[in-house]
Protein chains: 2
Amino acid sequence: MTKPPTRIQQRNRAAILSAGLDVFSQFGFRGTTLDQIAETAGLSKPNLLYYFPSKEAIHAALLERLLDTWLDPLKALDGSGDPIAEIMGYAQRKLAMSRDFPRESRLFANEILQGAPRIERILQSDLKELVDEKAAIIQAWADAGKIAKIDPHHLIFSIWALTQHYADFDVQVRAVLGDKAPYDGAAVFLESLYEKLLRP
Amino acid sequence: MTKPPTRIQQRNRAAILSAGLDVFSQFGFRGTTLDQIAETAGLSKPNLLYYFPSKEAIHAALLERLLDTWLDPLKALDGSGDPIAEIMGYAQRKLAMSRDFPRESRLFANEILQGAPRIERILQSDLKELVDEKAAIIQAWADAGKIAKIDPHHLIFSIWALTQHYADFDVQVRAVLGDKAPYDGAAVFLESLYEKLLRP
DNA sequence: CCTTGTTTTGACCATTTGGTCAAATGCAAG
DNA sequence: CTTGCATTTGACCAAATGGTCAAAACAAGG
């Protein structure tokens, strides 16, 4: 029986994960040092390693937590709902995740950029399975004439690309937009884009 | 007067830049080691440093070469051409760059993800200027009723996001698509998407 | 084949990095 | 206040890392 974590454990583990998210999402696994995480978390390096056995373990914990929630918006896409509203809702939920959890988005992006060594399996099994399932729903909608005929896989890719872009390329977006806030304009743009793309 | 490079110099500098592109584009600046580059280039580490004075210098040379060509497709967008064909052409050129130069795309993505420390200035000056100029052209087309009324900046972002996604998230795309080739489907999808989005 | 400049390398160095450990400190229940 | 466990830390280590340097190997023209 594992003992329940003390208050100190909860606080420090949370601080480490948040610090790790900060640093890993910016520099990737190999570009991140334990000292960086320790300093960001406000702990000494040996103290870090009292809570997590290794750099790998921190990274793994973050990835696991991420994968748990990352696909929720897609899972929520409901085959019995209104097609256009469902897809639109998915895109907007995903955009909200970019706005509210940009570090998570960048952590994921970094992992994929590096060839996804730690999650390739999951991509090929769980992710592919989920996407294929939802793509079939979208295909059925298209076949029934409820939405326009488009490739459902590329439709899903387009939602990923368009929404994550605002988190992953944040610096570039802000450099180009100056001081204008990105997300309101993005929401309007996406709404209009998918409205026109999906209308049969 | 600087001496012309010998054949050996040309060959080795090219090998180093190609190796650096391989490694930097995968692991980012901090995640990359000189030994990795040296091994990929088939040279010893001191020999590497005979051709480039430092890791920084290799990275800087790559970024400079990249920025030179990266914006060419957008520069080619012609205000006096046919609006829809021009934008469509830009999207397809950009998609071709993702297909033909995925390492360059990932090098850029890595740099932006890390906060663009080495190119933020350029983004804020040159890139913003270019984008604003082309956005004005697109805005004029919209005002004249030649294309639909959409936010030109977000339109440009959408082209970046949709095309670079296939290079930067290559692993994920292939995991989901299985063995189907991504780029033909992507080209068709983009064509249809922008056709519908832009038609007034 | 000799000279001169180019290219390559083995040995080396200081710093950084991931990680260990024994000892010290903090803390809460009895 | 003490005892026992949780927490923290300073000192340390081996390996990796970016980089240097003098000497060796090589190439080409005279």
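Letters A, B, ... mirror the listed sequences (proteins, then strands); counts begin at 1.
- Put simply, A/Q9 has no side-chain N or O that comes within less than 4.0 Å of OP1 or OP2 on D/dA6.
- In this entry the distance linking CZ of B/R7 with P of D/dA27 reads 13 Å, nearest Å.
- Whole-Å rounding puts the A/I58 CD1 to C/dG18 P distance at 10 Å.
- Within the 3.5 Å criterion, the main-chain N or O of A/L123 finds no donor-acceptor partner in the side chain of B/Q172.
- For the atom pair B/L193 CG and A/K196 NZ, the distance stands at 11.0 Å (nearest 0.5 Å).
- Counting heavy atoms from C-beta on, the side chains of B/D168 and A/D168 never come closer than 4.5 Å.
- Here B/F52 lies out of heavy-atom contact (under 4.0 Å) with every strand.
- Judged by distance alone, the side chain of A/K94 and the main-chain N or O of A/L162 form no donor-acceptor pair under 3.5 Å.
- Backbone-only contact: A/I8 has heavy atoms under 4.0 Å from sugar-phosphate atoms and none from a base.
- In terms of phosphate contacts, B/S44 brings a side-chain nitrogen or oxygen within less than 4.0 Å of OP1 or OP2 of C/dT9.
- Residues B/H154 and A/Y166 place their aromatic rings such that the two centres sit under 6.0 Å apart.
- The nearest whole Å value for the distance from the CD1 atom in B/I37 to the P atom in D/dT17 is 12 Å.
- Whole-Å rounding puts the B/N47 CG to D/dT20 C1' distance at 14 Å.
- The side chain of B/P46 approaches C/dT9 more closely than any other nucleotide in the set C/dT9, C/dT8, D/dT7.
- To the nearest 0.5 angstrom, A/M88 atom CE is 9.0 Å from A/L190 atom CG.
- For the 3.5 Å distance criterion, the side chains of B/S158 and B/Y194 qualify, holding a donor opposite an acceptor.
- Here C/dT8 presents its C1' atom at 9 Å from CG of B/L43, a figure rounded to the nearest Å.
- Listed candidates were D/dT7, C/dG18, D/dT9. Nearest to the side chain of A/D35 is C/dG18.
- Taking atom OH of B/Y50 as the reference point, atom C1' of C/dT8 lies 9 Å away to the nearest angstrom.
- You'll find a donor-acceptor pair under 3.5 Å spanning the side chain of B/K45 and the base of D/dG18, going by distance alone.
- Residues B/T33 and B/P53 each lie close to DNA chain D; by heavy-atom proximity, the contact nearer the 5' end of the strand is made by B/T33.
- The side chain of B/T6 contributes an N or O atom lying less than 4.0 Å from OP1 or OP2 of C/dT7.
- Nucleotide D/dT8 holds its C1' atom 12 Å from the CZ atom of A/R11, rounded to whole Å.
- The CD-P distance, from A/Q36 to C/dT17, rounds to 8 Å in whole Å.
- In this structure the side chain of B/Q36 never reaches within 4.5 angstrom of the side chain of B/F24, judged on heavy atoms.
- The side chain of B/L34 sits closest to D/dG19 out of D/dT7, C/dT8, D/dG19.
- Taking every heavy atom of residues 12-30 of chain B and every atom of DNA chain D, no pair lies under 4.0 Å.
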